[in-house]
Number of protein chains: 4
Amino acid sequence: MPKITQQQKEAVRSDILKAARSVFIEKGYEAASMKDIVARSGRSFGGVYLYYSNKEDVFLDLLRRQFEDMAENFAPDKPMSAWEAFERFLGEQEKRAREAVGGLAPCMFEYLIVGRRDANRRSLIEERHRAVYGSMFALVQDGLRRGEFQPSKSVETFVHWLVSFLDGIFLESIMTGAERIELAGQFELLLSVCRSILMPLGKEESK
Amino acid sequence: MPKITQQQKEAVRSDILKAARSVFIEKGYEAASMKDIVARSGRSFGGVYLYYSNKEDVFLDLLRRQFEDMAENFAPDKPMSAWEAFERFLGEQEKRAREAVGGLAPCMFEYLIVGRRDANRRSLIEERHRAVYGSMFALVQDGLRRGEFQPSKSVETFVHWLVSFLDGIFLESIMTGAERIELAGQFELLLSVCRSILMPLGKEESK
Amino acid sequence: MPKITQQQKEAVRSDILKAARSVFIEKGYEAASMKDIVARSGRSFGGVYLYYSNKEDVFLDLLRRQFEDMAENFAPDKPMSAWEAFERFLGEQEKRAREAVGGLAPCMFEYLIVGRRDANRRSLIEERHRAVYGSMFALVQDGLRRGEFQPSKSVETFVHWLVSFLDGIFLESIMTGAERIELAGQFELLLSVCRSILMPLGKEESK
Amino acid sequence: MPKITQQQKEAVRSDILKAARSVFIEKGYEAASMKDIVARSGRSFGGVYLYYSNKEDVFLDLLRRQFEDMAENFAPDKPMSAWEAFERFLGEQEKRAREAVGGLAPCMFEYLIVGRRDANRRSLIEERHRAVYGSMFALVQDGLRRGEFQPSKSVETFVHWLVSFLDGIFLESIMTGAERIELAGQFELLLSVCRSILMPLGKEESK
DNA sequence: AATGAATGAGGATTCATTCAT
DNA sequence: CATGAATGAATCCTCATTCAT
């Protein structure tokens with residue numbers, strides 16, 4: 001019978017992750033040391049290692065929760081057309097790209113790229129890819145089902161293409177800066193391209 | 001009067017870089033140690049430090065040469081229309097993306113992302129960005145001058161957009177694999193999108 | 001709440017310093033390596049670096065404590081005339097010079113001379129100079145105040161002169177050996193010279 | 001049959017030493033590297049190692065020549081009283097002390113102190129000590145023989161005492177600076193003290 | 001459950017000296 | 001004689017992780 005409840009345990013984890021998050025964002029994944037995390041969390045080495053067995057473990061939990069939060073927010077809360085949903089989705093991505101620099105995303109890229117050979121990280125990469133691909137695919141599929149979209153191209157390819165673009169714009173935002181790369185303009189352009197792919201015959205709707 | 005000629009010196013450098021390249025590709029930038037490079041080059045620590053003052057120095061020389069090689073290959077060797085040149089360029093990029101996994105590109109991403117806070121690396125990022133942006137911009141500009149292209153969108157935004165996409169497709173190729181993401185299909189799609197942006201009024205040429 | 005008390009911490013420091021001291025004395029400052037200190041202290045690298053961040057840090061703490069010990073011993077514990085105090089002081093110096101060879105003093109000279117260009121060490125030199133000069137100046141000043149001393153020469157110059165001599169005799173003791181340079185005789189001579197400078201009119205007291 | 005004459009050999013040595021001297025003065029003995037010496041001499045490693053087998057060898061030759069030069073200059077070139085010679089000698093020492101900072105003396109101290117355990121350096125220390133002691137002893141002896149000096153103290157002790165003082169004042173000049181320690185005043189004081197020791201009955205001569 | 005002192009392998013870098021040319 | 005490229009042992013220092021308390 002554990003002396004502390006599951007809730008307390010969760011509270012500690014969340015506490016550690018909060019500290020870890022700020023350390024990772026500030027220093028990057030590689031440069032962040034357990035010492036930093038321990039110090040910022042106001043705990044001891046033992047105290048942290050009791051909940052996480054190493055730096056990677058901490059980071060993965062952080063990522064997992066990030067994903068969960070994202071998924072939660074993603075559910076459309078009001079009825080809308082498939083295109084509106086798609087638009088909203090891209091809008092969301094634009095916002096995320098814009099805010100990426102100060103967030104965990106650069107760390108995640110770093111983590112995944114540095115560890116691209118590691119089996120565990122590879123599976124995380126795949127999982128993440130599948131998740132992004134899947135959610136976009138669902139959006140398009142929805143439009144197809146409704147008859148809104150009549151894509152002139154293979155849907156699979158189109159979605160891959162979209163994923164590539166979003167990854168790229170994330171990377172560019174992080175490395176070069178959102179302003180510098182005309183983030184807003186790029187998304188506008190993307191939107192119009194997507195419309196002409198998904199709804200090639202559709203009358204131009206006012207944006 | 002130097003004991004070894006500039007050519008021999010260059011041969012040694014090239015020898016070291018060859019070893020370093022394979023180490024970097026195999027282990028990644030962070031995980032590679034000078035010890036690895038020294039061992040694989042069949043030289044001594046001193047022998048390597050005689051030519052390069054640290055791991056970063058080795059890597060940067062490797063990158064620099066990579067860039068130079070790329071630039072050399074880029075010069076179009078026969079007269080062609082702007083669109084043909086553009087097509088060729090994208091074809092080249094596709095080939096490079098396909099070959100990226102086994103090459104130095106993943107390391108470069110790693111190097112740049114891990115060091116995104118470092119001033120020197122930031123300037124390398126900018127330089128690289130400018131180079132890629134510049135060469136694409138030139139291609140489009142050429143088409144404009146010739147009257148081949150009548151882009152319906154801002155050229156600057158379009159080029160930024162293209163850069164983002166290429167970065168993204170590189171990243172995806174590296175992380176998820178060219179086959180998995182339907183690399184060829186993506187480039188085909190990209191090509192057709194670019195055509196409709198650059199030559200919105202043009203008759204559809206059979207691809 | 002620290003796991004080990006300040007006292008234990010101090011005990012570890014003192015333990016490391018004891019080891020370091022013997023290494024420094026045996027090998028000299030330059031020749032001593034952290035590896036030596038680590039080995040002799042029976043600890044690990046990390047264990048030593050936990051308390052001191054490098055060789056110099058260890059050495060400076062060693063020096064600092066040496067100075068403190070010296071200062072403690074210096075307080076005259078019984079009432080005496082200024083001349084008696086002066087005599088005692090010189091006696092103390094003689095003893096220290098005699099014991100210098102087997103102590104830390106040679107290392108300190110080494111440290112200061114080798115690093116004579118380094119700003120930090122320069123300030124240590126000055127500090128040390130001021131301390132020695134100051135304590136001697138105080139002794140003479142005391143005699144002046146009491147009317148015991150009527151020096152025929154500038155007090156400042158005399159004290160500088162004394163410092164030089166003491167430094168020299170230290171150096172000679174270390175390098176050539178106390179016996180060889182007739183340390184005792186030199187101090188006797190110095191004492192009589194000082195008396196005739198400080199109390200030129202005084203009746204000769206039998207030594 | 002050597003291909004180069006002894007003279008040429010000597011010229012090369014002198015050339016190397018000139019470079020070495022400036023390196024040693026600039027960086028200090030420990031900090032100077034063979035690479036520095038090789039570079040400044042405009043020669044190659046092999047070229048230097050052909051004449052000197054290591055850094056110490058270079059330095060010792062430098063010292064030896066320094067001593068020889070000093071000895072040459074020391075011969076009094078005109079007849080004078082023993083006291084005048086003594087005075088001149090001290091004057092010479094004052095000048096040397098004043099110029100010590102920019103010369104080889106700091107290096108020599110460094111070399112001797114750092115290597116105080118090394119048998120070869122110890123013998124150099126002794127040799128140097130004997131030389132200094134000997135030349136001073138000769139001066140005093142000369143005064144005794146002429147009947148000029150009637151020292152009230154043991155001549156041996158007095159000379160040791162003088163050597164200590166000179167060593168000390170050298171050290172202080174190097175470390176603290178000639179101005180700071182009132183070099184001139186110290187020598188004046190020393191002179192008057194010496195006079196009263198060597199010629200206790202003599203009438204005070206106006207300085 | 002929590003602490004935090006201690007571990008020690010591992011990585012980067014230097015430099016006196018050698019030796020093939 | 002002269003060169004200078006090459007050697008590699010030696011040094012410093014960090015940091016993820018453990019474990020006695």
Measure the shortest side-chain to side-chain distance between C:Ile16 and C:Val38 over non-hydrogen atoms and say whether it is less than 4.5 angstrom.
-> no
When you measure from the centre of the six-membered ring of D:Phe109, is the NZ or CZ of C:Arg116 under 6.0 Å away and within 45° of the axis?
-> no
If you draw the axis of the six-membered ring of C:Tyr29, does the NZ or CZ of C:Lys55 fall within 45° of it and under 6.0 Å from the ring centre?
-> yes
Euclidean distance, atom CZ of residue A:Arg13 to atom P of E:dA1 [Å, nearest integer] = 12 Å
C:Glu10 CD - E:dA5 P separation (whole Å) = 15 Å
Using a distance-only test with no angle check, is there a side-chain donor-acceptor pair under 3.5 angstrom linking A:Tyr111 and A:Glu30?
-> no
Under-4.0 Å side-chain N/O to phosphate OP1/OP2 contact, B:Arg43 with F:dA6 | yes
Considering only heavy atoms from C-beta outward, does the side chain of B:Val12 approach that of B:Gln8 to under 4.5 Å?
-> no
Is the shortest distance from a Lys or Arg side-chain nitrogen in D:Arg65 or D:Asp61 to a carboxylate oxygen in the other one below 4.0 Å?
-> yes
Taking OH from A:Tyr52 and C1' from E:dA2, how many angstroms apart are they, rounded to a whole number?
-> 17 Å
Give a yes or no answer on whether the side chain of C:Asp118 reaches the backbone of C:Gly115 with a donor-acceptor pair at less than 3.5 Å.
-> no
Electrostatic pair A:Glu26-A:Arg21, nearest N-O below 4.0 angstrom = no
Which parts of nucleotides 14-21 of chain F does protein reach within less than 4.0 Å, heavy atoms only, written one letter per nucleotide 5' to 3' as B for base, S for sugar-phosphate only and - for none?
-> BBSBB-BB
Starting at CG of C:Leu50 and ending at P of E:dT7, how long is that distance when rounded to a whole Å?
-> 9 Å
Tell me, which stems hold DNA chain F, with a stem being 3 or more Watson-Crick or G-U pairs in a row and both distances under 3.5 Å?
-> E:2-21 with F:2-21
Do any side-chain nitrogens or oxygens of A:Tyr51 fall under 4.0 Å of OP1 or OP2 in E:dA1?
-> no
State which of F:dA2, E:dT7, F:dA6 makes the closest approach to the side chain of B:Ser44.
-> F:dA6
Specify the separation, in whole Å, of atom CG of B:Asp57 and atom C1' of E:dA12.
-> 14 Å
Identify the two heavy atoms, one from C:Arg40 and one from C:Ser22, that lie closest to each other, and give their separation to 0.1 Å.
-> NH1-OG, 2.8 Å
